[in-house]
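Order of the sequence lines fixes the chain letters, A, B, ..., with proteins taken first and strands second; residue numbering starts at 1 for each chain. Side-chain atoms are counted along with the backbone in the values below, which use heavy atoms only and exclude waters and symmetry mates. Bear in mind that the values here come from a model prediction, so they are computed numbers and not experimental data.
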2 protein chains.
Amino acid sequence: MTTHETGSHAAPDSEAADTEARIFEAALRVFARKGKDGARLQEIADEAGIHRPLLHYYFRTKQKLYEAVAAHMFGQFLDSFDAPSHDGPFADVLRAFIDHYVDNIREHQNMAKWMVAENMAGNPFLGERLAAAFETEGSPQRHMEEAILRATERGEIRPVNQKQLMLTIVSACVFFFIQLPTVKMLNPLARDDFDAFVEARKEHVFEVIYYGLASREEVADA
Amino acid sequence: MTTHETGSHAAPDSEAADTEARIFEAALRVFARKGKDGARLQEIADEAGIHRPLLHYYFRTKQKLYEAVAAHMFGQFLDSFDAPSHDGPFADVLRAFIDHYVDNIREHQNMAKWMVAENMAGNPFLGERLAAAFETEGSPQRHMEEAILRATERGEIRPVNQKQLMLTIVSACVFFFIQLPTVKMLNPLARDDFDAFVEARKEHVFEVIYYGLASREEVADA
DNA sequence: GTCTATATCTCGATAGAC
DNA sequence: GTCTATCGAGATATAGAC
């Protein structure tokens with residue numbers, strides 16, 4: 001589930017559906033920025049370009065609006081871990097995962113912020129649901145972890161704790177989106193040409209994680 | 001500045017200072033969890049075990065309380081990037097930085113959450129101040145970046161963009177603290193023995209970033 | 001479906017007794 | 001320095017005209 005289902009107020013002429021969608025998208029942004037309690041309905045209404053009472057007309061209460069937003073975000077959250085399942089050289093699998101994952105987060109930055117806000121608030125829901133998904137053998141969320149296990153068993157890569165590695169990859173791919181204002185201050189490329197920065201970041205993350213920093217001769221000695 | 005300066009209400013018998021400190025520490029936690037707007041004075045008062053009006057007695061307004069908290073957090077924020085300046089083999093410098101940095105964030109998890117909340121809200125302040133610190137030659141915040149540059153110039157490590165690398169190291173060291181509820185659900189060790197998990201994580205981050213994943217023979221070929 | 005007006009409630013802040 | 005009581009502002013929610 002990645003798209004917001006329009007409610008019972010949908011109109012054929014699409015004007016109403018458009019208003020509802022604009023409210024919903026504004027809510028995605030504001031809830032992501034401020035969290036559930038910090039968000040203000042006035043701010044959502046302003047960003048949607050509508051008057052506040054319309055918000056109640058379409059979603060009745062702040063609680064219900066948040067629930068609709070959270071359900072939407074949660075669908076994107078699970079989808080983001082889907083890795084294309086393929087079984088080539090591990091370098092290719094890793095590169096494809098980083099590419100796919102970073103692109104997904106770039107498209108769903110509000111979801112990433114919402115996920116972080118939920119965890120900072122101490123809410124265990126996301127962890128519980130993700131753990132359940134990871135326990136299901138062959139689930140899309142497990143493809144990457146299984147690829148790591150196969151690669152270590154084959155000796156294709158050196159032995160590594162696959163949970164720690166997943167955490168490192170995800171951290172390197174997500175954290176800079178969460179910290180964008182600071183990243184843009186420290187890195188001119190992120191400010192001037194964000195897409196180019198994102199592509200450079202994908203390449204850097206792949207190279208550091210796959211090859212590491214040590215000069216080749218030094219690693220050969222080790 | 002890493003400790004909260006007690007206000008003008010300090011009493012010699014330390015009862016008052018104790019109450020003020022308990023309010024302040026509760027405020028650190030609640031503002032970290034919920035952000036400035038999401039935090040409720042009632043929640044802070046409950047966590048401090050006091051009645052709400054006492055909060056106003058010591059800090060007058062929510063705004064002033066937040067400013068005191070933010071000043072405290074900001075001091076910790078700048079301190080966290082201080083790297084012990086030494087010039088041994090890069091492997092040692094990297095290991096020391098990871099060790100120092102992770103220990104610091106473990107001791108100041110509220111600061112890390114606050115930093116993330118500020119960035120998610122779009123506040124440029126942290127980025128501006130950190131950028132200023134990074135531009136000052138020889139500042140403690142720049143020691144690590146300078147160590148990376150020296151190591152690449154010497155051929156001690158392969159060529160790498162030092163800003164991207166700093167971002168990767170910081171991401172790998174901080175993100176799991178921000179995502180603790182999820183990490184604890186996915187990783188039994190993080191739940192059962194958190195300190196052991198943190199030590200294992202330091203080691204993993206060092207090894208992946210320094211040596212990478214590729215098997216030693218494969219890297220020697222590359 | 002959208003607007004104006006208003007009711008209701010939560011939260012921040014103050015007054016005053018002790 | 002701490003409590004009870006209360007005020008006033010700001011936020012959510014509803015009523016009713018158009």
Side-chain angles (χ1 to χ4, degrees), chain A residues 4-70 117 121, chain B residues 4-71 114 117 121:
Chain A
H4 172 237
E5 292 297 324
T6 219
S8 54
H9 300 281
D13 58 65
S14 88
E15 267 306 310
D18 182 60
T19 299
E20 184 173 351
R22 277 167 57 213
I23 293 172
F24 189 75
E25 279 150 30
L28 291 177
R29 291 192 295 272
V30 176
F31 279 125
R33 281 204 302 270
K34 300 293 192 64
K36 182 188 172 185
D37 295 337
R40 295 285 169 258
L41 293 184
Q42 185 62 59
E43 195 175 349
I44 295 173
D46 290 346
E47 281 212 25
I50 53 119
H51 287 90
R52 224 177 328 126
L54 268 186
L55 232 152
H56 295 283
Y57 176 75
Y58 284 104
F59 294 94
R60 277 201 68 75
T61 68
K62 183 183 183 180
Q63 176 66 24
K64 287 186 194 306
L65 175 57
Y66 180 75
E67 284 165 8
V69 164
Chain B
H4 171 236
E5 291 299 323
T6 220
S8 54
H9 299 282
D13 57 64
S14 89
E15 268 306 308
D18 182 59
T19 299
E20 184 173 354
R22 279 167 55 213
I23 294 172
F24 189 74
E25 278 150 31
L28 291 177
R29 291 192 295 272
V30 175
F31 279 125
R33 282 205 299 270
K34 300 290 194 65
K36 183 188 173 185
D37 295 337
R40 296 285 170 262
L41 294 186
Q42 184 61 60
E43 195 176 351
I44 295 174
D46 290 346
E47 280 212 25
I50 53 117
H51 288 93
R52 220 176 333 129
L54 269 185
L55 231 151
H56 295 283
Y57 176 76
Y58 285 104
F59 294 94
R60 279 201 66 75
T61 67
K62 181 182 184 182
Q63 175 66 23
K64 288 189 194 307
L65 175 57
Y66 181 74
E67 283 165 9
V69 164
W114 169 78

Give the rounded distance in Å between these two atoms: [atom1] of [X] and [atom2] of [N].
X	N	atom1	atom2	answer
A/Phe31	D/dT12	CZ	C1'	12 Å
A/Leu65	D/dA13	CG	P	10 Å
A/Asp37	D/dT12	CG	P	11 Å
A/Lys34	D/dA11	NZ	P	10 Å
A/Ile23	D/dA13	CD1	P	14 Å
A/Lys62	C/dC9	NZ	C1'	13 Å
B/Leu54	D/dT2	CG	P	5 Å
A/Ile50	C/dC3	CD1	P	8 Å

(request) Would you please name every residue forming a salt bridge (Lys or Arg N to Asp or Glu O under 4.0 Å) with A/Arg33, sequence neighbours left out? (result)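 Testing A/Arg33 for salt bridge (Lys or Arg N to Asp or Glu O under 4.0 Å), a comparison that skips the adjacent residues, returns A/Glu43, A/Glu47.
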Indicate the atoms forming the closest heavy-atom contact of [X] with [Y], along with that distance.
X	Y	result
A/Ile50	A/Arg22	CG2-NH2, 4.5 Å
A/Val30	A/Ala39	CG1-CB, 3.8 Å
A/Ala27	A/Val69	CB-CG2, 3.7 Å

Under 4.0 Å, heavy atoms only, any strand: does A/Ala45 hit a base, just the sugar-phosphate, or nothing?
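Since no nucleic acid heavy atom lies under 4.0 Å of A/Ala45, the category is nothing.
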Legend entry - Options D/dC3, C/dT2, D/dT12, nucleotide nearest the side-chain atoms of A/Tyr58: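 Minimum distance to the A/Tyr58 side chain belongs to C/dT2.
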Side-chain (B/Lys62) to main-chain (B/Lys36) donor-acceptor, under 3.5 angstrom
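Side chain of B/Lys62 to backbone of B/Lys36, a donor-acceptor pair under 3.5 Å: yes, one is there.
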side-chain contact (heavy atoms from CB on, under 4.5 Å) evaluation trace for A/Phe59 with A/Phe24: CA-CA 9 Å; A/Phe59 294 94; A/Phe24 189 75; 4.1 Å; yes
Reckon A/His51 has a side-chain N or O less than 4.0 Å from the OP1 or OP2 of C/dT2?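 No, no such contact exists.
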Taking only the side-chain nitrogens and oxygens of A/Thr19, find out if one of them lies under 4.0 Å from OP1 or OP2 of C/dT2.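 Checking C/dT2 against A/Thr19, a side-chain N or O does come within under 4.0 Å of OP1 or OP2.
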Tabulate protein N/O versus nucleotide N/O from nucleotides 14-18 of chain C, keeping only pairs under 3.5 Å, one per line.
unit_1 : atom_1 : unit_2  : atom_2 : d
C/dT14 : OP1    : B/Arg60 : NH2    : 3.4

Classify the ring geometry of B/Phe31 against B/Tyr66: parallel below 30°, tilted from 30° to 60°, perpendicular beyond 60°.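 Rings of B/Phe31 and B/Tyr66: perpendicular, as their planes differ by over 60°.
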